[in-house]
Amino acid sequence: MKNPFAQLPRDSRDTLFLLAVIAWVLLPQTAHLPWWCTALAAGMLAWRGWLAFSLRPLPGRWWLLAALVLTMAATWATHRTLLGRDAGVTLIVVLLALKTLELRARRDAFVVFFLGFFTMLTNFFYSQSLLTAAAMLLGLMGLLTALVNSHMPAGRPSLWQSARLATRMTLLGAPIMVLLFVLFPRMAPLWGMPGDAMSGRSGLSGRMEVGQITSLALDDSIALRVRFEGELPPQGQLYFRGPVLSTFDGREWVPLQPTFQVKDRPRADLQVSGPSVRYEMTLEPHRRPWLLTLDATASPPELPGELEPHMSEELQWRSSAAVNDLLRYRAEAHTSYRHGPQRMMAGLSDYLVLPPGYNPRTLQWAADLQRETGGDPVALIERVLAQLRTGGYTYTLEPDQYGQHTADEFWFDRKAGFCEHMASAFAVLMRAAGIPARIVTGYQGGQLNAVDNYWVVRQSDAHAWTEVWLAGQGWVRVDPTASVMPGRIGSLQRLLAPRSAVATAVATAMGTVISPTFVQSVRAVWDAVNNAWNQRILNYTQNRQLDLLRALGFEAPSWEDLGYLLLGALVLASLAGAAWTRWERSRRDPWLRLLDLVRQRLQGEGLQPGAAATPRELARLLALRHDPADNRVQAIQAWLRRFEVLRYAPAGARPGADLATLRREWNELSWPS
């Protein structure tokens, strides 16, 4: 059966290849583009491919103009602007797809190439992961192959030949690329990062709405990586502190909305004891100023650049700017600590406020507990934790939607939920019993990657716990989830997100073929490779550039030193390129060099052969200048014919003489006077 693509004209074949490359470049954008833009781009590329395959004419310009106007209107309706990152990416995708429908001449092809290169770069506006980089490298090679192929107008060169030449060009340019990456000044991104909601997925948010999520999908993406110096703390003590939520309106917990003046608010008053734990944190971008730190980090984390850390009164560390890029910093923590006021003060009443009209049964139970325990807060807390352990409460990712009285439903009706339900219900009960309480969100636990020895914390490790205030002790961590499901704290036990019937069947089938241990090993290797990409590439910051200069001998490196070094390196690279070009020219095809000598000799005889004249043409010109019957002229013509046959005849029909013999014979020829 014949391949239909092999029968197509070269223009159609090259167009179909270019369309496939463009589709590959646009594929990662589908997660960020409006649905209509994705559908429009796919339809236009498919239409252009059908026109190329069926050898039909392209649409008129009026159709393209109408499509452009409509898409600009749709872009405005979607983004309410034609400027900015999202609207700009939408427009560039539309323009690229539209331009393929007027792909008639080489000039049009070059416009498509460079639009393709720019669109390829826009993928990094949304993700700079290793997978994105690998996909765009493949797209780059495809675009370069198409570009090289367009510069071969004659014949039908194979795409494989163009791909090899494009690969060679890329390898030759790789040293310059590495040089620019290492020495070009680091700059902040020129685009903004969008906000996104974590509703319905595990992870951190600046607020916590209780009971509105009917099921929780575990997000297995990495939130942070930690490399500990020295002995690893017990996993049950690995609480990475994030936002603290202290104001409750009956449904939602938000950061503290204080009712007292600054002088009356409780201070952090952090006091640490015992051995310290030094660690290096690599925090994934989360578009908030939060610095996730191990409880409790007393001294400021060592942030890169001009970022400044500061700690809130509730022990949360923040950066002076949002974490929009991969951030690496060092810090020191103590797992043994206490903080907060030791005596009751006015500001602590903010942590007792409850909205009126909510959770009446919980309030009544709190009053009963106070009577039973004689008002002893420690005994009351132990009584509640015992109830959680023995009262039939369960940890689940599918608690269904709660009603108005979330604490009542948890304590007396459903007795099921994930960590936010337990932390919220516990905090409400404590406040109702007269014990100041607040909710702390962050991450708990994680897993050691044995490949690179980094402690990996995922979004699925996001957690919420409570802190209660006790006289003489300050704020004390109480994690109600640990009483309901001890395996959630201090071990690797995690609940799995609910699967559909199809997903369960596929997982079961794959489990019979692939060993779970093998899957875990592959995952660990992939995480280690990703971590290396993050540490060495994405986290190559301004400070690391200056550290490189110090390693090269600069005592007090500055940006001027970096500029001079970059300029010097580029000059050296240019000189090396010039030397390579000169050496390459000296290695020019010896047959062509001998042909140049022949032309020069004929010019000395008064002939004017063109730069593209073949040996056969030179023999004809020689006969026009001199007597064709002259034996010397005939000898030169015979030599020129043998010289041409050596180059162009099939291997079996070539003369016995090689190029060295012909060169020697040329020097011995006699010329007519």
Side-chain angles (χ1 to χ4, degrees), residues 124-133 181-182 184-196 198 203-206 219 221-229 238-244 277-312 315-333 441-444 446 449 452-459 461-462 527-548:
F124 294 104
F125 289 179
Y126 300 96
S127 173
Q128 298 177 12
S129 67
L130 182 58
L131 276 179
T132 301
F181 173 80
V182 172
F184 198 83
R186 302 286 100 183
M187 297 180 182
L190 302 180
W191 56 88
M193 299 297 289
D196 66 338
M198 293 296 293
L204 286 191
S205 176
D219 183 355
S221 61
I222 293 177
L224 54 95
R225 292 180 174 90
V226 188
R227 184 173 62 185
F228 291 98
E229 299 179 9
L238 295 182
Y239 282 82
F240 299 94
R241 195 180 191 90
V244 180
V277 178
R278 291 196 58 82
Y279 60 96
E280 180 185 75
M281 177 83 72
T282 304
L283 187 61
E284 294 288 328
H286 56 264
R287 298 172 286 282
R288 307 292 203 290
W290 310 326
L291 296 176
L292 278 300
T293 55
L294 183 64
D295 256 356
T297 298
S299 55
E302 302 171 10
L303 299 184
E306 299 179 354
L307 296 177
E308 297 181 0
H310 60 276
M311 187 174 66
S312 71
L315 224 62
Q316 181 192 0
W317 282 100
R318 292 172 174 263
S319 169
S320 56
V323 181
N324 292 332
D325 300 295
L326 199 73
L327 180 63
R328 184 168 64 175
Y329 50 91
R330 292 179 177 274
E332 183 177 4
T441 63
Y443 298 92
Q444 199 287 320
N449 188 331
D452 58 2
N453 289 321
Y454 272 80
W455 190 262
V456 179
V457 179
R458 302 181 181 276
Q459 295 293 353
D461 296 313
D527 284 344
V529 172
N530 249 327
N531 185 39
W533 169 263
N534 291 340
Q535 300 291 344
R536 293 176 172 81
I537 304 299
L538 298 186
N539 202 39
Y540 186 69
T541 59
Q542 298 173 352
N543 285 347
R544 296 185 67 183
Q545 278 189 315
L546 297 179
D547 290 341
L548 174 63

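Worth saying up front: this structure is predicted, and the values here are computed from it rather than measured.
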Begin with the C-alpha distance, continue with both residues' side-chain angles, and end with the deciding distance and a verdict on side-chain contact (heavy atoms from CB on, under 4.5 Å) for Leu307 and Leu327. CA-CA 10 Å; Leu307 296 177; Leu327 180 63; 3.9 Å; yes
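Within the 4.5 Å cutoff, no side-chain heavy atoms of Val323 are placed close to those of Trp290. Within the 4.5 Å cutoff, the side chain of Pro285 has heavy atoms near those of the Leu326 side chain. Contact check for Val244 versus Leu315: no side-chain heavy atoms found under the 4.5 Å cut-off.
Atom CG of residue Leu283 and atom OH of residue Tyr329 lie 4.5 Å apart, to the nearest 0.5 angstrom. Remark: Asp461 CG to Gln444 CD distance equals 7.5 Å, nearest 0.5 Å. Rounding to the nearest 0.5 Å gives a distance of 5.5 Å between OH of Tyr454 and OG1 of Thr282. Here Asn453 contributes atom CG and Arg227 contributes atom CZ; the two are 9.5 Å apart, rounded to the nearest 0.5 Å. From His310, atom NE2 reaches atom CH2 of Trp317 across 9.0 Å, with rounding to the nearest 0.5 Å. In this structure, OG1 on Thr297 lies 9.5 Å from CZ on Phe240, to the nearest 0.5 angstrom.
Taking all atoms of both residues into account, the shortest heavy-atom contact from Arg328 to Pro304 is O-CD, 3.6 Å. For the pair Ala333 and Tyr279, the tightest heavy-atom approach, listed with the atom from each and the gap, is CB-CE2, 3.8 Å. Here the closest heavy-atom approach between residue Pro301 and residue Leu291 is recorded as CG-CD1, 4.4 Å.
Of the possible donor and acceptor atoms, none in the side chain of Tyr443 sits under 3.5 Å from a partner among the backbone N and O of Leu224. Side-chain N or O atoms of Thr441 include one that pairs as donor or acceptor with a backbone N or O of Pro243 at under 3.5 Å.
In this structure Glu302 satisfies the side-chain hydrogen bond (donor to acceptor under 3.5 Å, both in side chains) test with no other residue, sequence neighbours excluded.
Residue Glu308 qualifies as open at atom CD: its count of foreign heavy atoms under 6.0 Å is 12 or below.
Salt bridge annotation for Glu280-Arg225: absent, with no cationic side-chain nitrogen under 4.0 angstrom from a carboxylate oxygen.
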